[in-house]
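Just so we're on the same page: letters track the sequence lines, and every chain starts at 1.
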Amino acid sequence: DAGVIQSPRHEVTEMGQEVTLRCKPISGHDYLFWYRQTMMRGLELLIYFNNNVPIDDSGMPEDRFSAKMPNASFSTLKIQPSEPRDSAVYFCASSEGLAGETQYFGPGTRLLVL
Amino acid sequence: RKEVEQDPGPFNVPEGATVAFNCTYSNSASQSFFWYRQDCRKEPKLLMSVYSSGNEDGRFTAQLNRASQYISLLIRDSKLSDSATYLCVVNGENAGNMLTFGGGTRLMVKP
């Protein structure tokens, strides 16, 4: 298996622009997670899906952030409009279950908003 | 209080040294515990699960103390390649017993 795939790996954009991050989870995994990592705040869970349905989006910082999972093999995280404080590494992870299950992370997308 | 707390370090140790990290968690009902490793500019990867009776994987030993709500990771005979950030992970208080990640402890092994 190729593991969790994320694209793009790096993104540099200007404030106000729309940013779309993409993720393909490991086949057969029912859960998909979006995380954000910064030096100041560490790894933060933004939202997670179970069988393509968003279950908990309480970690999404504000309305500028949205996430979708149209099918079992694809998810997007969109930021519109982007701001410099959104600069971070965004990880997607997937797992077969929740508690007690290993989460497998993608390589991340490094986002820089100028 | 944070759900999972770790000393951020860095821990600077010479090759061959033994080093231990501790982590405390706030949810006494937590059932699942892990150590993840994150290399610089890479994604977190599972290092090992932590079982109630303690467990060992080569040079790595993980222990759980439920009464005091802490988890430890012991690394013996440190290698240069052990340099990384070690994340303590616990299934947390939020909805669905989600995994909650600590802030990580950075280890630097020097020649």
Side-chain angles (χ1 to χ4, degrees), chain A residues 1-7 9-10 21 23-26 29-51 53-60 88-112, chain B residues 1-10 21 23-52 55 57 62 64 66 71 84-106:
Chain A
D1 198 317
V4 176
I5 299 172
Q6 290 187 247
S7 66
R9 296 291 304 275
H10 299 87
L21 311 181
C23 175
K24 176 179 167 54
I26 292 172
H29 282 190
D30 294 332
Y31 290 86
L32 182 141
F33 309 86
W34 282 102
Y35 290 90
R36 178 172 68 176
Q37 188 174 41
T38 61
M39 289 291 293
M40 291 297 295
R41 300 174 68 91
L43 198 61
E44 303 173 277
L45 177 65
L46 300 177
I47 184 172
Y48 79 93
F49 295 82
N50 178 22
N51 292 323
V53 177
I55 303 300
D56 184 356
D57 65 354
S58 58
M60 296 285 260
V89 181
Y90 291 81
F91 288 106
C92 176
S94 69
S95 74
E96 292 184 79
L98 263 181
E101 295 287 346
T102 302
Q103 291 186 18
Y104 296 87
F105 283 75
T109 295
R110 293 188 170 275
L111 174 65
L112 177 61
Chain B
R1 181 185 173 188
K2 288 184 181 178
E3 290 186 48
V4 181
E5 294 204 58
Q6 296 182 250
D7 180 344
F21 310 135
C23 159
T24 58
Y25 61 94
S26 61
N27 183 3
S28 60
S30 293
Q31 295 295 320
S32 303
F33 310 91
F34 309 90
W35 283 101
Y36 275 65
R37 169 189 170 135
Q38 186 172 22
D39 291 302
C40 187
R41 301 181 72 82
K42 298 286 189 180
E43 71 273 23
K45 292 183 179 178
L46 178 68
L47 177 66
M48 60 196 300
S49 301
V50 185
Y51 302 121
S52 297
N55 48 298
D57 183 2
L64 170 64
R66 285 188 185 273
I71 307 155
T85 296
Y86 292 84
L87 302 167
C88 175
V89 186
V90 176
N91 73 315
E93 298 172 351
N94 46 11
N97 283 325
M98 286 300 305
L99 295 187
T100 300
F101 287 75
T105 297
R106 188 174 174 202

Where does A:Gln37 contact chain B at under 4.5 Å (heavy atoms): side chain, backbone, both or neither? side chain
Side-chain contact test, heavy atoms from C-beta onward, threshold under 4.5 Å: evaluate it for B:Glu43 versus A:Gln6 and give yes or no. no
Is A:Arg110 close to chain B through its backbone or its side chain, or both, or neither, when contacts mean heavy atoms under 4.5 Å? side chain
One option among A:Gly108, A:Ala93, A:Gly106 has the most heavy-atom pairs under 4.5 Å with chain B, and it is A:Gly106
Hey, is CZ on A:Arg36 packed in by over 12 heavy atoms from elsewhere, all under 6.0 Å? yes
Would you check if A:Phe91 and B:Pro44 make a side-chain contact, meaning some heavy-atom pair closer than 4.5 Å? yes
To the nearest 0.5 Å, tell me how far A:Tyr48 OH sits from B:Leu99 CG. 10.5 Å
Those residues at least two apart in sequence (or on a different chain) that pass ring-ring contact (aromatic ring centres under 6.0 Å, His included) with B:Tyr36 are B:Phe101
Measure distances from A:Tyr104 to the heavy atoms of chain B and classify the residue's part below 4.5 Å as side chain, backbone, both or neither. neither
